[in-house]
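Structure first, then comments.
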Amino acid sequence: MNYFCDTHIQSRQDQEARFYVVLEDGNQLTKEVLSQNMQYREFCEKHRPKMVLADYIVYSTEAEVYAAMQDEDFDKLIADGQADRIAQSELQMEPSKERASGSSRKRRKRSPVMIAITVGCILVVVVGAFGAGKKLGRLTGGNEVMETVKANEDGMIIPEQEPVLSDAEQITVSIDRSYAAVPTEDLQLKAAVVDGKAQITLPVFDKEDFFTHVPGYTWGFSSSPEGEKIEYYGGQTYSFTQDTKLYRVLVKYGGGSGTKDDPYRIDYYDQLELMGEEKARGYFLQTADIVFPDWVTHKPIDTVNELKSDPDAEYFEYDGGGYAIKNLTDSLFGKISGAQIRNVNICDSFIHTEEYRDCGFIACAVYNYRYEMEDGKRYETGETVIKHCTVSHSAIYAEHPEAETQTEAVEYVTAPVVVPPDVVEYDEDGNIIEPTEPATPPEPTKKGEYAIGAITGLGGQIEDCYVTDFGIFAYLENYILYAGGISGKPAGVVNSCVYYYSAQGNIFNAGGIVGSAGGARHYNALGRELPGSYGGSIRGCAARNIILQSEVSGGGIAGEAGTDAEGAMISNCYANKLNFNVGVYEDAERQTLLKAGQVGGIIGTDGKESKGHTVTGCVSSVDFPVIGGKHVSAYDDTVRLAPAYAFYQENILSVINRNSVYPDDPKEIFTGCFRFGDAAVFGDDTGALPYPETIEDLFEKTRTEENYGG
């Protein structure tokens, strides 16, 4: 049995909202579950209420329910008698206290006095206490001597030392502090020698100390007074074999030199902002989770490669190290070219933009520039590869902010409309000319440009990526041309999955993996498109639990296919649990359909390009045609139309893991790497579903219960 509740929240008379919440652990709505709900959190962020009253009705149903379902789907379950009302109650929420306790997206502010005690190596930390530079205490016990913490004015948090026997062999690390006005003596850290080594933990530099932290830079230690590189990082424990003196050194980012062997280290949000200011040259490695404070508005990092004769020469690389980036307010990268981006995990992030543009969480627009000399020599920036990245529990809102609610009733008086009398016209014979119906005015032209996706908006070769619990909400005056769960319009996608994804609003073409499989174009040095596309192939991908609302086309894998690139393929893919609402409607509530759009289990429509896609080795839902609007694309006899239960059967692997041969090059063979895992990892109550083995380790990084509010 599954449970959900119809929830109504209100902070005051003109501030209220209604939505449904899926109850995954029982049949009761708790404060913890409600505080993690996306709509509740957006309500609190918008209105900043001190108190929220929530009343709710709990329903039980045999039907499958999930967080990405639309409110209309829940309404339909209730109206059709498929959901039974079993309880009704209410909650009183205090968002201000929730934010203070860390249950919202805001981080807890560090206390002026913070004490942390760890077993074995006792650590006492004091930040910003009065009496800076003075000893706070001295503990003695027998012949043991232990120094307690010192509070400082120069941003160092000094760990307490392990007890050292007075007659034991010991090593001292002296830290030069001559740069500080008070005190000027060296800081002494001592530890007993064991097996010829002493383990000493170095002080931490407080990055929240506004007066000592340099945005985008990191303090560390060097053994040389003129040192320019960090040899010893604060907060880490090192083995020392002799007395050592260290000097404080300030370096760009979190350390490193930006080479392939010694990349720049990134471990704090303001280092990403410095990357943007300096146009991000070199190699970067993220070494810790990064959480943007609520008061920071991120500016996308632009890095455009230079044209070079060797397109494979590496230029810019960002390795996320498998760590998370949270609370991001705009795309990590803006316009990029010739880059390598991998192992980036973006979660609990929301982009709100009024700008009509390409947009994606990893990158907005990816370009590949090309220039040919008169002698035929070619210069390129090279294709950007985005690999092994995730986007989870996040959304992109392309819309204007709501107008302020009118708090006082204002009465408007409108003058009556003056209606002119009917004018009777006669012809030359004196007969009355009957009025003719005015011609129906032509429908206004709807402008549609740009692309939106979780990983990229436009461009990029995307491999081994995973997107879950992701939404696109496009309500600007002009339409988004392409919306996709992975990308709006990439160069290509390989071995990637989308799970729980919804796109709605002013969108022309939407797909579970891509909005368009038309491929990418080269650009000249002036940024103008060159004729002819390349890429366009989607291979080894899966889309599950997809809700698409668009006007022209909707597809389980691609909203629109068709390209002028040679030999584009959609192979070794499947899509199931698809919910399409595609067409032109008379009203904003999409109740009166004027013109139906094209929908397909794999491709919505193949567009108007000169060449189509070859669809092979795919499994498509029996509820829809493989290709909705079929013109130049085609599928072969390896494609299977299957009912819902068939997607859970092991024999599906014989279709989606078969070899697929590139039409224009028989030597290029692609083999699917799908496998079955635990149903809890990628599946539901019916069982497990296949997924590319290359993304298996990404599932743990995107579990809702582990990441929300974390």
Side-chain angles (χ1 to χ4, degrees), residues 19 22 36-39 41-42 66-70 105 324-332 344-353 358-364 386 388-399 451-458 460 462 464-475 480 482-490 493 496-505 507 509-515 541-550 554-559 575-580 682 691 695 698-699 701-708 710:
F19 49 86
V22 175
Q36 294 173 3
N37 180 269
M38 185 182 299
Q39 288 121 312
R41 290 162 65 176
E42 291 174 351
Y66 45 88
M69 285 176 58
Q70 300 293 304
R105 288 196 295 137
I325 298 177
K326 299 183 179 182
N327 212 13
L328 196 62
T329 59
D330 209 330
S331 307
L332 180 61
V344 176
N345 300 301
I346 294 176
C347 59
D348 301 339
S349 297
F350 302 90
I351 295 175
H352 295 261
T353 178
D358 300 310
C359 190
F361 269 104
I362 302 294
C364 292
I386 300 174
H388 207 249
C389 297
T390 67
V391 173
S392 60
H393 324 307
S394 301
I396 297 174
Y397 298 85
E399 59 186 4
I452 293 180
I455 303 296
T456 69
L458 178 71
I462 301 169
D464 306 334
C465 289
Y466 180 51
V467 172
T468 182
D469 192 17
F470 169 64
I472 295 174
F473 305 90
Y475 289 100
I480 296 299
Y482 304 116
I486 293 290
S487 174
K489 189 175 186 290
V493 184
S496 299
C497 273
V498 176
Y499 177 36
Y500 285 136
Y501 153 58
S502 173
Q504 63 185 51
I507 299 170
N509 305 283
I513 299 296
V514 298
C541 296
R544 174 194 167 202
N545 292 98
I546 309 299
I547 300 172
L548 301 178
Q549 173 191 303
S550 56
I557 298 298
N576 76 331
K577 295 195 175 179
L578 306 175
N579 187 326
F580 294 122
F682 196 70
Y691 54 82
I695 66 169
L698 298 179
F699 294 128
K701 300 179 184 298
T702 57
R703 293 290 181 91
T704 303
E705 62 270 18
E706 294 175 3
N707 284 284
Y708 260 132

Nearest atoms (heavy-atom pairs only) where Ala575 meets Ile557: CB-CD1, 4.2 Å

Nearest non-hydrogen partners of Ile513 and Ala543, listed with the distance: CD1-CB, 4.2 Å

Asn327 backbone acceptor or donor facing Ser349 side chain under 3.5 Å: yes

Residues Leu698, His388; criterion side-chain contact (heavy atoms from CB on, under 4.5 Å); working and verdict: CA-CA 8 Å; Leu698 298 179; His388 207 249; 3.4 Å; yes

Closest non-hydrogen atom pair between Ile480 and Ala474, with its separation: CG1-CB, 3.8 Å

Donor-acceptor contact present, side-chain Ser496 to main-chain Cys541, <3.5 Å: no

Inter-residue atom distance Arg544.CZ - Thr468.OG1, 0.5 Å rounding: 9.0 Å

Pairing residues for Tyr482 by the side chain to side chain donor-acceptor pair (under 3.5 Å) criterion, not counting sequence neighbours: Glu560

is_close_aromatic(Tyr691, Tyr466), centroid dist under 6.0 Å: no

Verdict with reasoning, Ile546 to Phe580, per side-chain contact (heavy atoms from CB on, under 4.5 Å): CA-CA 8 Å; Ile546 309 299; Phe580 294 122; 5.9 Å; no

Interatomic spacing from CG in Leu548 to CD1 in Ile472 - rounded to 0.5 Å: 9.0 Å

CG-CG distance between Asn576 and Asn545, expressed to the nearest 0.5 angstrom: 7.0 Å

Passing candidate, side-chain contact (heavy atoms from CB on, under 4.5 Å) with Met38, options Glu42, Gln36, Arg41: Glu42

Minimum side-chain heavy-atom gap Thr353-Asp330 below 4.5 Å: no

From Ile362 atom CD1 to Cys465 atom SG, the distance as rounded to the nearest 0.5 Å: 7.0 Å

Side chain to side chain, Ser331 and Ile351, heavy atoms closer than 4.5 Å: yes

SG on Cys347 to CD1 on Ile325, rounded to 0.5 Å: 9.0 Å

Which atom of Phe361 lies closest to which atom of Ile346, heavy atoms considered: O-CD1, 3.5 Å

Heavy-atom closest contact (Phe682 atom, Cys497 atom, distance): CZ-SG, 4.3 Å

Pairwise side-chain contact, Asn37 with Phe19, heavy-atom cut-off 4.5 Å (strictly under): yes

Identified side-chain contact (heavy atoms from CB on, under 4.5 Å) partner of Lys489 from the options Asp358, Val514, Leu458: Leu458

Which atom of Asn345 lies closest to which atom of Thr390, heavy atoms considered: OD1-OG1, 2.7 Å

Inter-residue atom distance Phe473.CZ - Ile507.CD1, 0.5 Å rounding: 9.5 Å

Ser487: side chain to side chain contact (heavy atoms under 4.5 Å, CB included) partners, not counting sequence neighbours: Thr456, Ile462, Pro490

Distance-only side-chain donor-acceptor flag, His393 / Asp469, under 3.5 Å: yes

Set of side chain to side chain contact (heavy atoms under 4.5 Å, CB included) partners for Gln70, sequence neighbours left out: Glu72, Asp73, Ser502, Gln504, Ile547

